[in-house]
Asker: 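Can you keep this structure in mind? I'll have questions shortly.
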Amino acid sequence: MTQNHPSSEQQRILQTIHAIPIGQVATYGLIAKLSGLPGKARYVGYILKSLPEGSSIPWHRVINAQGKISFPEHSEVYREQKQRLLAEDVIFKGHKIPLKQYLWKQSS
DNA sequence: TTAGTGACCGACT
DNA sequence: CAGTCGGCCACTA
């Protein structure tokens, strides 16, 4: 199978992100895995980067595997993401979110 | 077509 | 705990 509908992959990813409950977060890698695209964490990042302005996608609930926001600490977008998370009562330990305790079903 | 670039990840110092 | 490193793969110039 050499043909693949590119947009369907994106939609699966966006759908997965959209399903993240308020007050919870998920890593890029987990999003990819739950979307049936294991190993394509960077793809998730790429899609979020190219997300339209007024999108209803809760992009702020996506963080990296280190439990941190994937933006330069001093950037404006970093502050916005952190602000949105704090507004949902997501707890930060310094600059990190304690995944072990708050991350979305770590399954396993 | 090739080479460079990431809103990444896991294993390993 | 903090760095490095190699792998990953869609996208772009």
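Numbered from 1 within each chain, the chains take letters A, B, ... in sequence-line order. The structure presented is a predicted model; accordingly, all values stated were derived computationally and were not measured. Heavy atoms only: backbone and side chains are in, while hydrogens, waters and symmetry mates are out.
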Asker: Taking CG from Leu99(A) and P from dC1(C), how many angstroms apart are they, rounded to a whole number?
Answerer: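 After rounding, the gap between these two atoms is 11 Å.
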
Asker: Which label fits His95(A) and Tyr78(A): parallel for a plane angle under 30°, tilted from 30 to 60°, or perpendicular past 60°?
Answerer: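 Tilted, since the angle between the ring planes falls between 30° and 60°.
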
Asker: Quick check: does any side chain N or O of Gln81(A) sit under 3.5 Å from a backbone N or O of Ser70(A), one acting as donor and the other as acceptor?
Answerer: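 No; zero donor-acceptor contacts below 3.5 Å.
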
Asker: Along nucleotides 7-13 of chain B, 5' to 3', which nucleotides get a B, which get an S, and which get a -, given that the test is a protein heavy-atom distance under 4.0 Å?
Answerer: BBSS---

Asker: Would you say the side-chain atoms of Ser75(A) pair up with the backbone N or O of Phe71(A), donor to acceptor, closer than 3.5 Å?
Answerer: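 Checked: no pair found.
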
Asker: Categorize Lys96(A) for me: base, sugar-phosphate, or nothing, with a 4.0 angstrom heavy-atom threshold over every strand shown.
Answerer: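 Result for Lys96(A) = sugar-phosphate.
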
Asker: Over how many whole Å does the gap from Ile47(A) atom CD1 to dT12(C) atom C1' extend?
Answerer: 16 Å

Asker: Using a 3.5 Å cut-off and no angle test, enumerate the donor-acceptor pairs between side-chain atoms of residues 49-56 of chain A and protein atoms at least two apart in sequence or in another chain.
Answerer:
unit_1	atom_1	unit_2	atom_2	d
Ser50(A)	OG	Tyr46(A)	O	3.1
Ser50(A)	OG	Ile47(A)	O	3.2
Ser55(A)	OG	Ile57(A)	N	3.1

Asker: Using a 3.5 Å distance criterion without hydrogens, assess whether the side chain of Arg61(A) forms a donor-acceptor pair with backbone atoms of Ala26(A).
Answerer: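 It does not hold such a pair.
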
Asker: Give the C-alpha distance, both sets of side-chain angles, the deciding distance and a yes or no for side chain to side chain donor-acceptor pair (under 3.5 Å) between His60(A) and Gln83(A).
Answerer: CA-CA 9 Å; His60(A) 59 284; Gln83(A) 189 53 227; over 6 Å; no

Asker: Please state how far atom CD in Glu9(A) lies from atom C1' in dC11(C), giving the value in whole angstrom units.
Answerer: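 Distance check: Glu9(A) CD to dC11(C) C1' gives 13 Å.
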
Asker: His95(A) NE2 to dC1(C) P: how many Å, rounded?
Answerer: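 These atoms are roughly 15 Å apart.
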
